[in-house]
Amino acid sequence: MQRFVSRLVLTLVLLAATVAGAQAGPATDTLSQSVDKIIALLADPAYKAPDTRPAMRTKLIAAIGEVFDMKELSRRALGAEWNKFNPEQQERFVKAFGTLLENTYLDKIESYTDEKVQYLTEQDLGGGKAEVSTKVVGKGKEIPIAYRLSDRGGWKVYDVVIEGVSLVQNYRSQFGQLLMHETPDAVIAKIAQKRS
Amino acid sequence: MTAALSRKCLLPLLLLSVLVMTGCNGRQKTSKDFDKAVAPTPAAVQTPAQAPTQPAAASAEAVAAKPAPAPVAAVTQTAPATPPVDDYAETPYKPTPDPLYYWNKTWFKFNDLFYSGLMRPFAKGYALVVPKQVRTGLTNAYQNFIFPIRFVNALLQLDFKKASKEFGRFMINSTLGIGGLMDVAKADPNLAPGNEDFGQTLGRWGVGDGFYIVWPLLGPSTARDTIGMAGDAAANPLTWIFGPWSIYGDDNPWYWSYIIKGADVFNNLPNTLEAYDAVVKPAVDPYTAVKDAYIQYRRNAVSQ
C-alpha cells in the first residue's frame, strides 16, 4: 500500500514537472538549451586560445548541427523545386548550402560578446511546428529573432526570421530566380563557389 | 536643382505610379517570368478599385474617410499572397512583379557601387571619428523631429494606441530628452520606438506591394511605398519649413531640407551598410536577396 502511495506521489510529481515544462514550451526548452550550450562554448577561454580553438570550433559546429535541421532547411529553401533535384543532387545541395550558411554565420556567432537572449513567446504553428520569438539584446541594440522549429523526434530549427525577414524564404526567392534559367547542377556549383 | 526637378516631377511621378500599379495585372501576363505565378498578386487585383487618383496627402484623407469597405477587400484578397506562415515547401516560387527589371538592376548596381563602394570608406571613417552615442543622438533627434509622420500615419491606420504612444514619446523626448537627442522614453517598454509611415498605412488599408522598383540613391522600394514616400514627405516638418508651401516665407532656402535628410542618411550609413552586408554577403543572388528582404521587411512592418 505504502509502495503504491509513493509511486502515485512520484507519478504526480513527474506529471507536474512535465506540465510545468510544457507551459514554457517544449520548443523553447530545446532551443534555449542549445543556445546556452553554444554560449557556454563561446565564453570558454579555450575558444580564445589559438591551440585549442580548432577543437572548440568543431564542438561548436556540432552543437549548432544538433539544433538545426539542415535537410529540412534546404528542402524549404528550394520549395517546390526540391523535387526537381534528384536524390544525389539533393544531397550535394544540402551539403553545399550547409557549408555556405556555416561560413557566413559562424563569424557572426563567434563575434558574440555579451548579448543576452530573451525568450518572448512560443506560438504553435500546427502540424508539429512552433515559432519561438526571441530578442537578442546587446550593445545598445535589440534584434528580434524568431526561430521556427519542427518536432520530428526532437525539436529542430528549420527557419530563422530576423527582423521579419525569413532566411528560408529569402533563399527560396534566390534559388527560385536562379532555377528559372539554370540547371540544379549549375546552382549547386554557384553555392559551392560562394563559400571559397 | 535636382530637388526642384523632383518637386516638379512629383505629381507626374505619382500619376505614373498609379497607372503602372493599375496596369500591372496586364503587364504581369505578358512578362515571361510571371506567367507561372498562377494567382495574380493582390496589388494587381485590388488597386484598380482603390488606386489613389489624387496626390498622396489628399488620398490619405480619402482613405481615412472611408476605411470601412477597404479592409474587407484587403482581407479577402491578400489571403493567397501571404500563406499562413508555413507550407512554403509546397508553394511554387512566386516572385514580386519586377517589370522594370533592367532599370532596377542598373540602379541596384549603381547604388551598390555608390554606397557599398564609394561611400563605405567615408562611413567607416565617420564611425571611427564620431562616437556611437553622438551618432545615435543625432538619429534620435531627427526621428523625434519627424514624429508627425509616425503620428499621422498611426492615426490614419486608426491605431490610436500607437498614435498616443508616439505622442507620448515626442513629449517626453523633446523635454526630458533635450530636443530628442536622448531617447529617454524607450526605458518604458510601452513607449518603444515605432516606425509607421505612409506606405504602411496604404498597406494597412489593403494596397498590395505593387511592383518592385529600385530608386537611384533611395534604394529598394515598391510602387506602393513610392507613393508612401511622397506622403511621408508631405507629413515631414522639413517640407513645411523649407518646402514651397513653407509657413515662414522665403527666408528658408529649400535645399536645407535635402541637406538635413542627406545628413541623416549619412549619419546612419554605418548601420545601413551593416544591415546591407547582412543580406548581401550570404546571398547567392544579391539582387534577388535584397529585393526579397525588402518585401519581407515591409510586409512584416505593415502587419504590425
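Note on naming: letters A, B, ... go to the chains in the order of the sequence lines (proteins, then strands), and numbering restarts at 1 for each one. Worth saying up front: this structure is predicted, and the values here are computed from it rather than measured.
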Is it the side chain or the backbone of B/Asp292 that comes within 4.5 Å of chain A heavy atoms, both, or neither?
both
Please determine whether the number of non-hydrogen atoms from other residues, nucleotides or ligands lying under 6.0 Å from atom NZ of B/Lys105 exceeds 12.
yes
Does the side chain of B/Val284 reach to within under 4.5 Å of the side chain of A/Leu100, using non-hydrogen atoms?
yes
Interface residue of largest heavy-atom contact number with chain A, from B/Asp285, B/Ile295, B/Thr136, under 4.5 Å
B/Asp285
What do you reckon, is CD of A/Glu91 surrounded by more than 12 foreign heavy atoms closer than 6.0 Å?
no
Pick from B/Ser303, B/Ala293, B/Ala278, B/Ala289 with the largest number of heavy-atom pairs that fall under 4.5 Å of chain A:
B/Ala289
If we check side-chain contact (heavy atoms from CB on, under 4.5 Å) with B/Pro282, which of these qualifies: A/Asn170, A/Leu101, A/Thr104, A/Leu167?
A/Thr104
Got a sec: does the CZ of B/Phe108 have more than 12 other heavy atoms crowding it under 6.0 Å?
yes
Can you establish whether the number of heavy atoms outside B/Lys162 located under 6.0 Å from its atom NZ is more than 12?
yes
Do the side chain of A/Lys194 and the main chain of B/Lys281 share a donor and acceptor less than 3.5 angstrom apart?
yes
Does any backbone or side-chain atom of B/Ala301 lie under 4.5 Å from a heavy atom of chain A? Answer side chain, backbone, both or neither.
neither
Counting distance only, does the side-chain N/O of B/Gln296 pair as donor-acceptor with the main-chain N or O of A/Ser166 below 3.5 Å?
yes
Within 6.0 angstrom of B/Lys109 NZ, more than 12 heavy atoms from elsewhere:
no
Under 3.5 Å: donor-acceptor pair, side chain of A/Gln174, backbone of B/Thr288
no
Which bit of B/Ala275 is near chain A, if near means a heavy-atom gap under 4.5 Å: side chain, backbone, both or neither?
neither
